[in-house]
Amino acid sequence: MSYPEVSKVPKGLYINGAWRQAADGATFDVTDPATEEVLASVASATVDDALDAVAAAHAAGKAWAATPPRQRGEVLRKSFELLIERREEFARLIVLESGKALAEARGEVSYAAEFLRWYAEEAVRISGEVSTAPGGANRIVVLRQPIGVAVFVTPWNFPAAMATRKIGPALAAGCTVVLKPASETPLTALAMAALFAEAGVPPGVINVVPSRQSGRIVNAMLRDPKVRKLSFTGSTEIGRMLLAQAADNVVKCSMELGGNAPFIVLADADLDVAVASAMVAKLRNGGESCTAANRFYVARPVAEEFCRRFAAAMAAVSLGSGLDENVQLGPLVNRATLDKVARLVGEAVEQGATVLTGGRAREGRGYFYEPTLLAGVRPDASILRQEIFGPVAPVCVFDTVEEAIALANDTEFGLVAFVHSRDLGQALAVSERIEAGMVGINRGVVSDPAAPFGGWKQSGVGREGGHDGLLEYLESKYICVSW
Ligand code: NAP
């Protein structure tokens, strides 16, 4: 089957403002997870291609850094407007290559566009500092200057938003970039490259190099001394490797890595709110989100009722092709993810959990897994130790708030946590003791382009979004001066 939104997308590499094939002519296939059919073949960058992209970004760097901030902001603003104008086209493309439901994809495009609008506004708010040295002999002048060429490596779960969350602040700061999108979802990134060109981004400022040889090309780029920044979003496992590789040239890193979010329901929580927020925290993006609630800790007095209502809500979710307007949950992204989710549920059941709803993959084509609620999960169950990355909610019961906090913090991850209580003072006190970069109180989603998104512990280094996100692309220069 052919889709107009797929046929329109350029399938080459986008380097220095031009489309081209890979140096060795290699391509790779992009698959629709709902049908397992090939959607398109795209060029697969070689090491030489990637280094050409770095050279192009470097060559364009001086002029872009010298472009007036207002003008950089206007280009981002135009990109925002184009993306909103084409929301439907991009949403369908995202559904086709990632599997998510159309409403989710529309939400992603709006979210992605907001990063462009936010950083269009931030481009003109880059400021330095002037102060008098404590000894009084001189002044301390601090300039903030663009760090230089930035390499971006993005995941498949938010193919548009994870790109704009990096491109927005980088361009606002005056940096130029090379983006290597995930191999499952290169089409959205390629379509965005064309959109940025149309919005007036000069050649070389944004380069896009999909590749089936991700390890090799990213490593080669990190070895190129022209690269000064790496921003990676993906698994902790790959992030750890890239941090080690970036160490050789002392490349500054932003790392948005895996999560294992606890979702705490205290005994006084409003259960209507808690269940509505659990549905979002678990099922947003089909559970394939780094912020997805991965472990539900519920106070014993309300556990049974919470599970009853949560199971009913999960059972009512419609599963099917993301392109169908009536579908709320699409397929998982690939066979490996489906197999992993099925294995984790199997292990949880072996370890004593009860399936309240779901618990099965759907037969036939596509990587569909039913929304699943597991009750009676042991606090040491294997499903609680890793990202599930699917529509499965394991519930554990706790007796004291102390116990809930200890369980929530018992992980090497620390991206986000969710706390539910009618007592805001108590919810804030619990939030303060949670080891995570973000906490949602009586809410199932925290992401916002204007807020600093990022993790503690092995969930990452640095922040994206808000003013903090811009600082990741700026170097400070201290000038000591007497006048
Ligand atoms: P992944 O396997 O780590 O892949 C992420 C990116 O890294 C892809 O572009 C991938 O390319 C590339 N990659 C793979 N191996 C590489 C290597 N050896 N060297 C350089 N690059 C390499 O993660 P994923 O499965 O796409 O995404 C899911 C993960 O992302 C989850 O852990 C999730 O929590 C995390 N995530 C975090 C955030 C956050 O903000 N904290 C947001 C979204 C997702 P290929 O596709 O070609 O393999």
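The figures that follow rest on heavy atoms only: side chains count, while hydrogens, waters and symmetry mates do not.
A heavy-atom distance below 4.5 Å is not found between the side chains of E108 and F90. The shortest distance between side-chain heavy atoms of F232 and L243 does not fall below 4.5 Å. In this structure, I94 and E5 have side chains that are not in contact, with every pair of non-hydrogen atoms separated by 4.5 Å or more. Within the 4.5 Å cutoff, no side-chain heavy atoms of Y478 are placed close to those of V141. Between V445 and T291 the shortest side-chain heavy-atom distance does not fall below 4.5 Å. Two residues are said to be in side-chain contact when any heavy atoms from C-beta on lie closer than 4.5 Å; V209 and V178 meet this criterion. Contact check for N334 versus E184: side-chain heavy atoms found under the 4.5 Å cut-off. When side chains are defined from C-beta on, P181 does not count as touching T188, because their heavy atoms never get closer than 4.5 Å.
Side-chain N or O atoms of K282 include one that pairs as donor or acceptor with a backbone N or O of V392 at under 3.5 Å. No donor-acceptor distance shorter than 3.5 angstrom exists from the side chain of E114 to the backbone of D448, with no hydrogens or angles considered. For the pair R228 (side chain) and V149 (backbone), a donor-acceptor distance under 3.5 Å is absent. Side-chain atoms of D224 come within 3.5 Å of backbone atoms of K226 as a donor-acceptor pair (strictly under, hydrogens ignored). Here the side chain of D49 pairs a donor or acceptor atom with the backbone of T46 at under 3.5 angstrom. Between the side chain of E475 and the backbone N or O of I147, no donor-acceptor pair lies under 3.5 Å. Listed for the R72 side chain is a donor-acceptor partner under 3.5 Å among the backbone atoms of A65. Remark: side-chain polar atoms of D32 are not paired, donor with acceptor, to backbone N or O of L39 under 3.5 angstrom. Looking at N409, its side chain does come within 3.5 Å of a backbone N or O of E435 through a donor-acceptor pair. Side-chain N or O atoms of T164 include none that pairs as donor or acceptor with a backbone N or O of I167 at under 3.5 Å.
Ionic pairing of R106 and E325 is present here: one or more N-O contacts between side-chain nitrogen and carboxylate oxygen are shorter than 4.0 angstrom. The pair R77-E74 fails the salt-bridge criterion, with no side-chain N (NZ, NE, NH1 or NH2) lying under 4.0 Å from an Asp/Glu carboxylate O. Salt-bridge formation is detected for the pair K8/E89: a Lys NZ or Arg NE/NH1/NH2 atom is positioned less than 4.0 Å from an Asp or Glu carboxylate oxygen. Residues R284 and E104 are not paired through a salt bridge, judged by the lack of any N-O separation under 4.0 Å between the basic side chain and the carboxylate.
Scanning both residues, S211 and S183, for their nearest heavy atoms gives O-OG, 3.0 Å. When all heavy atoms of A101 and L329 are compared, the closest pair comes out as CB-N, 4.3 Å. Contact between F389 and C290 at its shortest, heavy atoms only, is CE1-N, 4.0 Å. Between A173 and P146, the closest heavy-atom pair is O-CB, 3.3 Å. A182 approaches P155 most closely through the heavy-atom pair CB-C, 3.5 Å. Taking each heavy atom of L179 and A189 in turn, the nearest pair found is CD2-CB, 4.0 Å.
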**Prompt:** Taking it one step at a time, do V327 and S321 satisfy side-chain contact (heavy atoms from CB on, under 4.5 Å)?
**Reply:** CA-CA 7 Å; V327 157; S321 160; 5.8 Å; no
**Request:** Using the side-chain contact (heavy atoms from CB on, under 4.5 Å) rule, take V333 and Y367 through it: C-alpha gap first, then chi angles, then the decisive distance, then the call.
**Result:** CA-CA 7 Å; V333 73; Y367 312 124; over 6 Å; no
**Message:** M279 vs V317, test: side-chain contact (heavy atoms from CB on, under 4.5 Å). Steps then yes/no.
**Reply:** CA-CA 10 Å; M279 288 298 288; V317 168; 3.6 Å; yes
**Asked** Y119 and L171: side-chain contact (heavy atoms from CB on, under 4.5 Å), yes or no, with the steps?
**Response** CA-CA 8 Å; Y119 285 106; L171 265 60; over 6 Å; no
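A donor-acceptor pair shorter than 3.5 Å can be found between the side chains of K180 and S214. For S476 and R144, the side-chain atoms include at least one donor-acceptor pair closer than 3.5 Å. Side chains of S231 and E464: a donor-acceptor N/O pair is present below 3.5 angstrom, by distance only. E288 and N157 form no side-chain donor-acceptor contact under 3.5 Å, judged by distance and modelled atom types alone. With no hydrogens or angles considered, no side-chain donor-acceptor pair links Q458 and T236 at under 3.5 Å. For the residue pair S254/K166, the side-chain donor-acceptor check at 3.5 Å is not satisfied.
Heavy atoms from other residues, nucleotides or ligands lying under 6.0 Å from NZ of K252 number more than 12. Other residues, nucleotides and ligands place more than 12 heavy atoms under 6.0 Å from the CZ atom of R20.
In this structure, CZ on F453 lies 4.5 Å from CZ on R165, to the nearest 0.5 angstrom. R139 contributes atom CZ, which lies 11.0 Å from atom SG of C480 (distance to the nearest 0.5 angstrom). Note that the CG atom of L116 and the CZ atom of F80 stand 8.5 Å from one another [nearest 0.5 Å]. Remark: N207 CG to T176 OG1 distance equals 7.5 Å, nearest 0.5 Å. Rounded to the nearest 0.5 angstrom, C253 SG and L230 CG are separated by 4.5 Å. The CG atom of L323 sits 6.0 Å away from the OH atom of Y3 when rounded to the nearest 0.5 Å.
In this pair, W19 and Y14 present their aromatic rings tilted. The plane angle is within the 30 to 60° band. Using bins of under 30°, 30° to 60° and over 60° for the plane-to-plane angle, the ring pair F263/F418 lands in the tilted bin.
When the options N294, L344, D410 are evaluated for a side-chain contact (heavy atoms from CB on, under 4.5 Å) with R385, the one that passes is D410.
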